[in-house]
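The structure appears right after this line, and notes come after that.
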Amino acid sequence: MDTNLPSFVGPQGIENYLNLSFVSLDFETTNLEKGSALNKDNDIVLACWTVNRNGQEVKRRHIWGDELTMQPLLDDIASTDFVVAHNAKFELQWLERCGLDLYDVQVWDTMLGEWVLHGNQKVPFNLEATSQRYNLGGKTPLGAMCIKMGMATQDIPVSWLQPYCYQDVDLATNIFYDQLDRCQEKKLMHLMLVRNLTCVALAYIELQGCQLDREKVINAHQEAVTEMAELEQKLIVMCGSINLGSSKQLGEFLFEKLGFKIPLDHKKKPMLTAKGAYKTDKLTISKLKSTNKEQEEFLAAYIRFNQLDALVTKNLDFFKGVVSEYDGVFYGVFNQAQTGTHRLSSSGRKLKFAGKKKESGAQLQNLPRQYKGMFTAHDDDYLIGEADGAQLEFRVAAELGGDKVAEAEIVAGADIHSVTSSVMIEAGHPDFIGKSVKEGRQGAKAHTFAPMYGGNGKLPAEQAYAEFFKKKYHGISGTQRSWCEQVVTRGWFTTPYGMRFYWPGTKMSRSGYIENTTAISNYPIQGFATGEIIPIALVAFWHRARHLDITVWNTIHDSLVSRVHKDCVDQYKELSKQCLTTDVYNFLRDVYNYHFRVPLGVGVKVAKNWGASKEEHVWSVWPDGKETYELKE
DNA sequence: GGTACATGCGCC
DNA sequence: AAATGGCGCATGTACC
């Protein structure tokens, strides 16, 4: 079976842009759910496009009609190298409905162009604001007015909508030419290629949907609701009819009625909100000291109730609605052009449930881990596979810092959390008192990489650990400091992988502390790991699995989640390994001109339900092809 | 009745 | 004056 990559997933992708043979496209659609192609009740109303070769417009065409009438557009797309559009994911999902195979298409998304050119600087990326930044003027007033007023697209007069649509095409074309110059000048073409390749893969992945296991959802929901009802009765007896969801009411009850003392933080200051209100978050509540039976009982019941309440309102109610009213399938949205680090973000596609006033949705990147097991494949012949980058951010930090100590530990497979545990024990951290290194290991995980993200610690033992970490991995900490110094000098800096990050006006205090240190230290690591490497791996995986019975349906920062036919499991593991390691090295070398040295690792789990496998296959693969394998249980 | 903000909390 | 980074969603509160 062909598992090769298409030519444009590599340097040829950039060549294609420079050859200037493209279709520039805009659809006007009916506007349920912002015109999403996933809504089957939406339709294309009008398509306008131009065909451009060698930088010259050679054709201008439009079609008033639905997705069944777009063959001339598909033919034009097939005759050029790429498609230009603003927010191309929208057009791509419509093109898929028109019959285009997304695996064959390359795009230049002018919205993503703005994202890449602006780095971590937040500006509005919509077409109108972007046009104004490029001095291309605003939109045709009449068409724009109708759209803004929310008029049904199909009711807008032809003579208004058609010029409006053509104008968007022309704006995108002009912005594209300008962005192409700017991206070359700032040496950002490789990043732009990855954003655009990722965009097409995401357009496809969003169409797949997430499948919930009906029985598991109903049972979990029932259990939680029953337990909550019991707790609620108990709580009402104790506190009357106050609303426990209100931190104001709960705070008054805890600190005024029940007489809890306001806990003190590590600086011996009372734990209050910035505005001086009572804090009722998990951390504060966990610090409360009961001095009588009433306090003790209330606290126990409240903590459990609150935990369940959050799970039920944010997830279980939604999941139950999905299995009851939507055949167990729901969809998420992946947002590019959202984060400063150039990670993806995700949001939920909202659903309406019977008897509920408000629509609700669930995003795919913050599902409680305990509920992963509720996700399954649509069919008994399929399994769920998850492949994640092993210790990805630490390995990337070692790489960017040229840190020999960290690299040696990664190569040796050293147990870093045990080291943290022993440092914490020696420094007398209260959570580690009386524990052996082994017993403290689990709790140490939360501390291990905090200094890499700029954490200096609060308790003396944590501060001692932060010092230990920075000294031990002086390659990482020294490199982070040099990034900070560059930012002080000129307000921005270029990461080793070519990304530009901006913190204008950053100053150094007399003590030597540099503003924004934590962010400056963190962005390049998070950005390279989860904004470049994982998207590269995702694109490679998606293309290579094209002709296999393997479908990616989620990605969470350092992982790819797929449904896998039971006969494809071995290929799935092999492909995961290749795409998260070798393909990354090759792409970085050929497109980024970046020669990665630290071995990357990948962990693969396959089971009937997401995350349910007790065993994990873990590989490390070196850029020269050497590899190691370990089965973790 | 709507919007904006604050708070809290899930994930990596 | 802030010293762990990055997000999105639900709820309550303040305000118009």
Side-chain angles (χ1 to χ4, degrees), chain A residues 120 122 242-251 266-267 272-285 306-307 309-318 332-350 356-372 386 388-389 391-394 397 445-458 462-463 465-466 469-470 480 484 501 506-507 509-527 529-531 534 554-559 561 611:
Chain A
N120 58 329
K122 296 258 195 303
I242 70 164
N243 182 350
L244 295 168
S246 156
S247 29
K248 189 167 168 284
Q249 292 178 38
L250 177 63
H266 63 285
K267 286 181 182 165
L272 297 169
T273 68
K275 304 217 159 180
Y278 296 125
K279 270 183 99 71
T280 58
D281 63 307
K282 231 162 116 177
L283 183 69
T284 310
I285 300 278
N306 201 34
Q307 203 175 39
D309 186 58
L311 292 170
V312 169
T313 55
K314 291 194 72 162
N315 291 283
L316 291 174
D317 276 347
F318 178 78
V333 176
F334 293 99
N335 311 306
Q336 295 178 285
Q338 200 62 41
T339 67
T341 55
H342 283 227
R343 266 188 177 181
L344 299 175
S345 86
S346 117
S347 32
R349 184 170 167 231
K350 299 208 166 188
K356 299 262 182 189
K357 267 191 194 160
K358 276 176 53 171
E359 298 182 310
S360 60
Q363 63 152 307
L364 302 183
Q365 294 183 326
N366 72 346
L367 299 160
R369 266 173 300 188
Q370 68 200 103
Y371 293 159
K372 278 188 179 179
E386 179 170 32
D388 65 19
Q391 298 174 305
L392 182 63
E393 291 198 6
F394 183 54
K445 286 183 182 176
H447 301 283
T448 297
F449 297 120
M452 193 168 80
Y453 300 131
N456 293 315
K458 292 196 165 92
E462 292 166 358
Q463 291 170 351
Y465 175 72
F469 184 98
K470 287 187 209 170
Q480 289 174 317
C484 294
F501 288 123
T506 299
K507 297 205 173 35
S509 73
R510 263 176 295 184
S511 69
Y513 181 79
I514 294 172
E515 291 168 352
N516 305 316
T517 288
T518 51
I520 299 165
S521 302
N522 186 47
Y523 273 48
I525 298 170
Q526 193 184 110
T530 58
I534 292 298
N554 196 6
T555 170
I556 312 182
H557 305 312
D558 70 348
S559 68
V561 191

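By convention in this document, chain letters (A, B, ...) are assigned in the order of the sequence lines, proteins followed by strands, and residues within each chain are numbered from 1.
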Does a side chain donor of either A/Q526 or A/Y453 reach within less than 3.5 Å of an acceptor in the other side chain?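 Absent: no donor and acceptor within the cut-off.
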
Taking any heavy-atom pair under 4.0 Å as a contact, classify [X]: base, sugar-phosphate, or nothing.
| X | result |
| --- | --- |
| A/T517 | nothing |
| A/S521 | nothing |
| A/E515 | nothing |
| A/F449 | nothing |

Below the 4.0 Å mark, does [N] have OP1 or OP2 next to a side-chain nitrogen or oxygen of [X]?
| X | N | value |
| --- | --- | --- |
| A/Y453 | C/dG6 | no |
| A/T339 | C/dC7 | no |
| A/K350 | C/dA10 | yes |
| A/T280 | B/dG8 | yes |
| A/R343 | C/dG5 | no |
| A/K122 | C/dC7 | yes |

Can you tell me how far C1' in C/dA3 sits from the matching atom in B/dT7, rounded to whole Å? 22 Å

Between A/F449 and A/F469, what is the ring plane arrangement, given parallel below 30°, perpendicular above 60°, and tilted in between? perpendicular

Report the distance from atom [atom1] of [X] to atom [atom2] of [N], rounded to the nearest whole Å.
| X | N | atom1 | atom2 | result |
| --- | --- | --- | --- | --- |
| A/Q480 | C/dA3 | CD | P | 16 Å |
| A/N366 | C/dA10 | CG | C1' | 11 Å |
| A/I285 | B/dG8 | CD1 | P | 9 Å |
| A/L392 | B/dC12 | CG | C1' | 10 Å |
| A/F318 | C/dG8 | CZ | P | 17 Å |
| A/D317 | C/dC9 | CG | C1' | 14 Å |
| A/D558 | C/dG5 | CG | C1' | 15 Å |
| A/Q463 | C/dT4 | CD | P | 9 Å |

Quick check: closest heavy atoms across A/L344 and A/T555, and the distance to 0.1 Å? CD1-CG2, 4.1 Å

Show the nearest heavy-atom pair for residues A/E393 and A/T530, with the distance to one decimal. OE2-CG2, 3.8 Å

Supply the atom-to-atom distance [X] [atom1] to [Y] [atom2], rounded to the nearest 0.5 angstrom.
| X | Y | atom1 | atom2 | result |
| --- | --- | --- | --- | --- |
| A/D558 | A/Q391 | CG | CD | 11.0 Å |
| A/F334 | A/I556 | CZ | CD1 | 7.5 Å |
| A/L250 | A/I285 | CG | CD1 | 5.5 Å |
| A/T341 | A/I525 | OG1 | CD1 | 12.0 Å |

What about A/Q526: does its side chain form a donor-acceptor pair under 3.5 Å with the base of C/dG5?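 Donor-acceptor pair under 3.5 Å: yes.
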
Using a distance-only criterion (donor-acceptor N/O pair, under 3.5 Å, no hydrogens), is the base of B/dG8 paired with the side chain of A/D281?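 Flag unset: no donor-acceptor pair detected.
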
Stepwise salt bridge (charged side-chain N to carboxylate O under 4.0 Å, His left out) check, A/R369 with A/E386: CA-CA 13 Å; A/R369 266 173 300 188; A/E386 179 170 32; over 6 Å; no

Among [options], find the nucleotide with the atom closest to the side chain of [X].
| X | options | answer |
| --- | --- | --- |
| A/S360 | C/dG8, B/dC11, C/dA10 | C/dA10 |
| A/N522 | C/dG5, B/dC12, C/dG8 | C/dG5 |
| A/H557 | C/dG6, C/dG8, C/dT4 | C/dG6 |
| A/N456 | C/dT4, C/dC7, C/dG6 | C/dT4 |
| A/Q363 | B/dC12, B/dG8, B/dG10 | B/dG10 |

Reading nucleotides 11-16 of chain C from 5' to 3' and marking B where a protein heavy atom lies under 4.0 Å of the base, S where only the sugar-phosphate is that close, and - otherwise, the string is SSS---

